[in-house]
Amino acid sequence: MSAPKIQAIRGVKDILPSDIASWHILETTARNLSETFGYAEIKIPIFEATELFARSLGAATDVVEKEMYTFEDRDGKLITLRPEGTASVIRAYIEHHLWTESPLVKLYYVGPMFRHERPQAGRFRQFHQIGVEALGSASPWLDVEQLVLLNRLFLALEIAPTTLLLNSLGCPLCRPAYRDALKAFLSQRAENLCEACRRRIDANPLRVLDCKREECRALTRDAPVITGFLGSECVEHFNAVRAGLDDVGVSYVVEPRLVRGLDYYTKTAFEFTAEGLGAQNTIAAGGRYDGLVEALGGPPTPGVGFALGIERVVTLFKKGAPTSPSPDVFIATVGESAKRRVMGTLTALRDAGIKVETDYDQGSLKSQMRRADKLGARHTVILGDDELAKGLAVVRDMATKSQTDVALDGLVAHLITLLAPARRA
RNA sequence: GCGGGUGUAGCUCAAGGGUAGAGCACUGGACUGUGGCUCCAGGGGUUGGGGGUUCGAAACCCCUCACUCGCCCCA
């Protein structure tokens, strides 16, 4: 009776049937849209060699330093539960020489990710992402295309309002100069920055711009901005993305402080945010990563991609979707011989594609009727000893309350014709 | 890893030292084999766990666990 209860691991959630409809709507909408935009699904492994993530995300990244679920395999090799999907997609791209199939490869994936963080609103240790990646083209049109895809997804789901934040992080050619300038600026004001930011000056100066403390924000208000340091190629790219968005009519806010947490991003960086999610208000984020494929051992290949947090988007669904499917027919039974007959009848109806339920424990007829009503059954078949003796069953229309006697032999056929009009609709 | 908040019935929550309650849900009855509405009744709790204070603790104190929100960081 009182065996120790086992709970789900911290930060890991069950997605119960009452929530599943929103998940389905989001997933199917995203899949359809992705395919309309020319992206094909790829299924990537849940775990990979630890090395893959260390190299792709950046060894000094928080994710790699302290958030990965890493364990030793039986042969001693280090394995990590994937904290994100891009690394795997690129690994697969390289491993299967996907560039030989087409100069441009457009992929999407759906599935769980794992990060050992402290859970809070909108943040879990196992969470789910839908990710999209385009490999093989440096065209800003792809950046635009993916932003349009996200924009259309949120429109279709009626998630409003969302804000698109856009920035350019430059490339290995122009970023160092900016980094130095920013460092110099911050160092002069170090004593007035918060403790965390003082540490960041050397470790990751861009992050200081992201600090939420008012004092830090005030101090960095006129800090040098990346856009002032971009080389001509990066400027052109950034302008092209903005022009593309303008052409399509997708609005955005240029946010020079927008910084991505993972090292591999270049040029375009973006983030969609929404209200009503608590502190974690980013619902999708991504950008360009032109050096990543090469860094992982592939041919020099530009790429763009984003990931969307399913849990976060799902919580924005205000519309209550129907939870469990209502049966077409409910079978109520009275008496022993009727009870013995149920399984056969259930099976015959199900073979005909009719959704049937029954009360397996055969409560009182009243409670069975109540259950039929609660489940939303359109018809209830009453199988009682009295009817069986006469070779009949009673079919009750739950809405009109009208009942008809039906011969047992013809019961399935009768129900099929009864339900036919609705199934066509 | 660091802070704040909360743990009472399946769910949402009352009771702020003196007999653990309500609503919803569930089961049964009124209606002996017929759903929704109404009314009545019933089942269900070591008040997260452990220790302490007290004649007496759900309540006060300590520890612990869980959940939750936030920081760091991220989807």
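Each chain gets a letter, A, B and so on, in the order its sequence line appears, and its residues count up from 1. Since we're looking at a predicted model, the values are computed, not measured. Just so it is clear, the values below take in all heavy atoms, side chains as well, and ignore hydrogens, waters and symmetry mates.
Checked against B:U34, B:A75, B:G28, the side chain of A:Leu365 finds its nearest nucleotide in B:U34. Closest to the A:Met398 side chain, of the nucleotides B:G28, B:G70, B:G35, is B:G35. Checking B:C72, B:C31, B:U68 against the side-chain heavy atoms of A:Lys366 singles out B:C31 as nearest. When each of B:A25, B:G36, B:C73 is scored by its nearest atom to the side-chain atoms of A:Asp373, the top-ranked nucleotide is B:G36. With B:A75, B:C67, B:G33 as the choices, the nucleotide that has an atom nearest any side-chain atom of A:Arg10 turns out to be B:C67. Considering only the side chain of A:Lys401, B:G35 comes nearest among B:G1, B:G35, B:U34. Distance from the side chain of A:Lys374 is smallest to B:A25 among B:C67, B:G33, B:A25. Distances were taken from every side-chain heavy atom of A:Arg118 (C-beta onward) to each of B:C72, B:U34, B:G1; the shortest belongs to B:G1. Which of B:C67, B:C69, B:C73 sits closest to the side chain of A:Ala121 comes down to B:C69.
Salt bridge annotation for A:Arg82-A:Glu84: absent, with no cationic side-chain nitrogen under 4.0 angstrom from a carboxylate oxygen. Between A:Lys66 and A:Asp62, at least one side-chain N (NZ, or NE/NH1/NH2) sits under 4.0 Å from a carboxylate O, which counts as a salt bridge. Under 4.0 Å is where a charged nitrogen must lie from a carboxylate oxygen, and between A:Lys106 and A:Glu133 no such pair does. Ion pair A:Glu117/A:Arg123 flagged as a salt bridge, since at least one NZ, NE, NH1 or NH2 atom sits closer than 4.0 Å to an Asp/Glu carboxylate oxygen.
B:G7 sits 14 Å from B:G49 when the P atoms are compared, rounded to a whole Å. The gap from the P atom of B:A58 to that of B:G17 amounts to 13 Å, rounded to the nearest Å. With both ends at atom P, the span from B:G18 to B:G35 equals 46 Å, rounded to whole Å. Using atom P as the reference point in both B:C69 and B:C26, the two lie 29 Å apart (nearest Å). For the C1' atoms, the distance linking B:G21 with B:A59 amounts to 15 Å, nearest Å. Separating the C1' atom of B:C37 from that of B:A30 is a span of 14 Å, rounded to the nearest Å.
Around the CD1 atom of A:Ile9, the shell of radius 6.0 Å holds no more than 12 heavy atoms that belong to other residues, nucleotides or ligands.
Within 3.5 Å, no donor on the side chain of A:Gln368 pairs with an acceptor on the base of B:U34, nor the reverse. Not a single donor-acceptor contact under 3.5 angstrom links the side-chain atoms of A:Glu67 to the base of B:C72. With hydrogens and angles ignored, no donor-acceptor pair closer than 3.5 Å exists between the side chain of A:Glu117 and the base of B:G1.
Counting any heavy atom pair closer than 4.0 Å across all strands shown, A:Phe272 reaches no nucleic acid atom. In this structure, A:Gly122 reaches the bases: a heavy-atom distance under 4.0 Å links it to at least one base atom across the strands shown. Among the protein residues, A:Ala372 comes within range of no part of the nucleic acid, since none of its heavy atoms lies under 4.0 Å from any strand.
Distance, A:Phe154 CZ to B:A75 C1': 10 Å, rounded to whole Å. Note: CZ (A:Arg396) to P (B:G35) measures 7 Å, nearest angstrom.
With sequence neighbours excluded, the residues that form a salt bridge (Lys or Arg N to Asp or Glu O under 4.0 Å) with A:Arg55 are A:Glu51.
Formation of a donor-acceptor pair under 3.5 Å by the A:Glu294 side chain with backbone atoms of A:Gly291 is not found in this model. Looking only at distances, no side-chain donor or acceptor of A:Glu357 sits under 3.5 Å from a matching main-chain atom of A:Pro327.
Projected onto RNA chain B by closest heavy-atom contact, A:Arg370 and A:Asp397 fall at different nucleotides, the more 5' of which corresponds to A:Arg370.
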**Asked** Please, what dot-bracket string fits RNA chain B when only Watson-Crick and G-U pairs with both distances under 3.5 Å count, crossing ones use [ ] and pairs to another strand use |?
**Response** (((((((..((((....[..)))).(((((.......))))).....(((((..]....))))))))))))....
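Remark: of the listed residues A:Asp143, A:Thr266, A:Thr268, A:Asp143 is the sole one forming a side chain to side chain donor-acceptor pair (under 3.5 Å) with A:Arg288.
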